[in-house]
Amino acid sequence: MKKIDVRGYRFSYVDEGHGNAVVFVHGSALDLRYWNDVVGELSRSFRCIALSRRHHWPVPPNVVPSTYSAIEQTEDVVSFLEALQLGQVHLVGHSYGGYLCARIAAQRPDLLKSLTLVEPGGKIAGMETARSLAEFQQKALELIENGDSRDGVAAYLNSVCGEGEWQKSPVELQQISLANVNSVQLQMQDKSRPPLTEDLLAQIECPTLVMVGTRSPSPFPETAKRCAELIDDCELEIVQDASHLINVDKFDAFIGILKRFFSTRF
């Protein structure tokens, strides 16, 4: 694991393989280890980089927990890309990471060769969805604040993956999410997160791939499909029998879709 100081924070990341750079941005309650198997496979053909975002494991020892800001998280990823001097990259974001990557693609097209949104987080401004996450995630926040980290993290991830999905997930994934309980608490206290908008998504010009699982709960299918409609040069891949953590549920399908996208488009 490597380290780099960017914007007053020491970020941890992995950097494996050679060739065109693919940068992976994880979602909520996770960290760079979420991508371990993906990096291990794709680094045979690409230079694969996965970072842990601010406030996610491993948090530098001198960092005092502070506010969690979507704006700051976006700027962090941009500055990370610039600091590594990668040129244009294939940027892959999952969930909250997908939300960040969509913002980066619209605001800094010079940094991207392509964009992959894996079940991008949140909903698009003005969009009706079958389900709101607010009630479920408030329960998760209350559990965490009352010292029940395990049930709080489980409630949070079940809210985005489906009831009982956390309990069925691999032990390694459960351990990763428990190591990031503080980030969950900080993130849910962020009330200033701007939603994705139709105008912002329409500004994305690079070739884009959007993935969604058939078992993923609302609002993720609605958001993913609407993103695919609004982004001009975009492909939508619907992954059968996958929930929100597509690369965990259907690893081979996930890898195959990414390889096909990269090989046929570039």
Side-chain angles (χ1 to χ4, degrees), residues 9 25-34 51-60 63-77 93-103 118-125 127-196 213 215-224 243-245 248:
Y9 188 91
V25 184
H26 64 80
S28 305
L30 300 169
D31 57 56
L32 61 83
R33 295 173 294 175
Y34 176 70
L51 81 154
S52 279
R53 296 190 283 107
R54 187 183 297 260
H55 301 309
H56 292 254
W57 180 95
V59 178
V63 170
V64 177
S66 60
T67 57
Y68 197 107
S69 161
I71 303 294
E72 181 177 57
Q73 293 276 333
T74 304
E75 292 172 349
D76 282 344
V77 178
H94 168 249
S95 195
Y96 191 103
Y99 159 85
L100 297 175
C101 291
R103 292 178 58 82
V118 186
E119 299 228 338
K123 65 179 185 178
I124 300 165
M127 184 180 71
E128 294 294 327
T129 59
R131 172 175 171 267
S132 170
L133 296 176
E135 178 182 349
F136 301 96
Q137 295 188 350
Q138 181 59 36
K139 176 184 176 183
L141 178 59
E142 291 171 359
L143 287 167
I144 292 169
E145 289 178 338
N146 289 329
D148 192 347
S149 297
R150 185 176 184 85
D151 284 350
V153 167
Y156 181 85
L157 283 175
N158 283 340
S159 76
V160 298
C161 297
E163 191 59 37
E165 290 292 326
W166 187 84
Q167 289 80 357
K168 295 186 294 184
S169 66
V171 172
E172 294 81 4
L173 183 68
Q174 294 182 15
Q175 292 172 339
I176 290 170
S177 59
L178 287 169
N180 286 284
V181 62
N182 289 336
S183 72
V184 175
Q185 184 174 3
L186 289 171
Q187 180 187 316
M188 287 191 291
Q189 293 169 346
D190 177 17
K191 306 302 182 185
S192 62
R193 172 179 168 180
L196 295 177
R215 293 193 295 110
S216 191
S218 178
F220 297 104
E222 297 100 314
T223 298
S243 185
H244 188 53
L245 308 180
V248 175

S.K.: Can you confirm whether the side chains of Y68 and S183 place a donor and an acceptor under 3.5 Å from each other?
M.R.: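 Per modelled atom types, Y68 and S183 side chains form no pair under 3.5 Å.
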S.K.: Between OH of Y34 and CD of E172, what distance do you get to the nearest 0.5 Å?
M.R.: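 These two atoms lie 14.0 Å from each other.
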S.K.: Are the side chain of E119 and the backbone of G213 linked by a donor-acceptor contact shorter than 3.5 Å?
M.R.: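 Between the backbone of G213 and the side chain of E119 there is a qualifying donor-acceptor contact (under 3.5 Å).
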S.K.: Pairs of donor and acceptor atoms involving the side chains of residues 143-153, under 3.5 Å and at least two apart or interchain, shall be tabulated with distances.
M.R.:
from : atom 1 : to   : atom 2 : distance (Å)
N146 : ND2    : E142 : O      : 3.0
D148 : OD1    : D151 : N      : 3.3
R150 : NH2    : Q174 : OE1    : 3.3

S.K.: Suppose we screen for ring pair (Phe, Tyr, Trp, His ring centres under 6.0 Å). Which residues come up paired with Y99, at least two apart in sequence or across chains?
M.R.: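 Listed in chain order: Y96.
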S.K.: Do the non-hydrogen side-chain atoms of W166 and L173 ever get within less than 4.5 Å of each other?
M.R.: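 No, their side chains stay 4.5 Å or more apart.
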S.K.: When you measure from the side chain of S95 to the backbone N and O of G27, does any donor-acceptor pair fall under 3.5 Å?
M.R.: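 No; zero donor-acceptor contacts below 3.5 Å.
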S.K.: Any donor and acceptor pair, going by atom type alone, linking the side chain of D190 with main-chain N or O of L186 inside 3.5 Å?
M.R.: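 Not a single qualifying donor-acceptor pair exists.
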S.K.: Going by side chain to side chain contact (heavy atoms under 4.5 Å, CB included), name the residues that satisfy it together with T223, two or more places apart in sequence or in a different chain.
M.R.: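 Per chain and number, T223 pairs via side chain to side chain contact (heavy atoms under 4.5 Å, CB included) with P120, K123, I124, M127, P219, C227.
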S.K.: When you compare the side chain of Q137 with that of V160, does any pair of heavy atoms fall below 4.5 Å?
M.R.: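 Of all side-chain heavy-atom pairs linking Q137 with V160, at least one is under 4.5 Å.
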S.K.: Using the test ring pair (Phe, Tyr, Trp, His ring centres under 6.0 Å), find all partners of H26 that sit at least two apart in sequence or belong to another chain.
M.R.: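 In terms of ring pair (Phe, Tyr, Trp, His ring centres under 6.0 Å), with neighbours along the sequence ignored, H26 is linked to H56.
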S.K.: Apply salt bridge (Lys or Arg N to Asp or Glu O under 4.0 Å) to E222 and list each qualifying residue two or more places apart in sequence or on a separate chain.
M.R.: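 Salt bridge (Lys or Arg N to Asp or Glu O under 4.0 Å) check on E222 returns nothing, list empty.
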S.K.: Not counting sequence neighbours, which residues clear salt bridge (Lys or Arg N to Asp or Glu O under 4.0 Å) with K139? List them please.
M.R.: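 With neighbours one apart ignored, the set is empty.
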S.K.: Can you find a pair of side-chain heavy atoms, one from H244 and one from H94, that are under 4.5 Å apart?
M.R.: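 Yes, their side chains come closer than 4.5 Å.
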S.K.: Compare every heavy atom of P217 with every heavy atom of G162, then report the nearest pair and how far apart it is.
M.R.: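 So the two residues come closest at N-CG, 3.9 Å.
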S.K.: Could you tell me whether Q167 atom CD has more than 12 heavy atoms of other residues or ligands within 6.0 Å of it?
M.R.: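 More than 12 within 6.0 Å, yes.
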S.K.: List the residues meeting side chain to side chain contact (heavy atoms under 4.5 Å, CB included) with P195, not counting sequence neighbours, and say none if there are none.
M.R.: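 Counting only residues at least two positions away or on another chain, P195 forms a side chain to side chain contact (heavy atoms under 4.5 Å, CB included) with A125.
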S.K.: Calculate, to the nearest 0.5 Å, the distance between atoms CD and OG belonging to Q189 and S69 respectively.
M.R.: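 If we round to the nearest 0.5 Å, Q189:CD and S69:OG are 13.5 Å apart.
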S.K.: Could I get the full list of salt bridge (Lys or Arg N to Asp or Glu O under 4.0 Å) partners for E72, not counting sequence neighbours?
M.R.: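 In terms of salt bridge (Lys or Arg N to Asp or Glu O under 4.0 Å), with neighbours along the sequence ignored, E72 is linked to R54.
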S.K.: With V77, which residues qualify under side chain to side chain contact (heavy atoms under 4.5 Å, CB included), at least two apart?
M.R.: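 With neighbours one apart ignored, the set is V25, L81, I104.
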S.K.: Sequence neighbours excluded, which residues qualify as side chain to side chain contact (heavy atoms under 4.5 Å, CB included) partners of E135?
M.R.: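 Listed in chain order: nothing, the list is empty.
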S.K.: CZ of F220 to CG of L133: how many Å apart, nearest 0.5 Å?
M.R.: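 Separation between the atoms: 5.5 Å.
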S.K.: Listed by chain and number, what are the salt bridge (Lys or Arg N to Asp or Glu O under 4.0 Å) partners of R33, not counting sequence neighbours?
M.R.: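 Per chain and number, R33 pairs via salt bridge (Lys or Arg N to Asp or Glu O under 4.0 Å) with D31.
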S.K.: Please report the interatomic distance CG(N180) to CD(Q187), rounded to the nearest 0.5 Å.
M.R.: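 It is 10.5 Å, given to the nearest 0.5 Å.
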S.K.: Would you call T74 and L100 a side-chain contact if the rule is heavy atoms closer than 4.5 Å?
M.R.: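 The answer is yes, as the side chains (C-beta and beyond) meet within the 4.5 Å cut-off.
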S.K.: Do the side chain of S52 and the main chain of W57 share a donor and acceptor less than 3.5 angstrom apart?
M.R.: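 Checking the backbone N and O of W57 against the side chain of S52, a donor-acceptor pair under 3.5 Å is found.
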S.K.: With sequence neighbours excluded, tell me which residues meet side chain to side chain donor-acceptor pair (under 3.5 Å) with S243.
M.R.: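 Testing S243 for side chain to side chain donor-acceptor pair (under 3.5 Å), a comparison that skips the adjacent residues, returns none.
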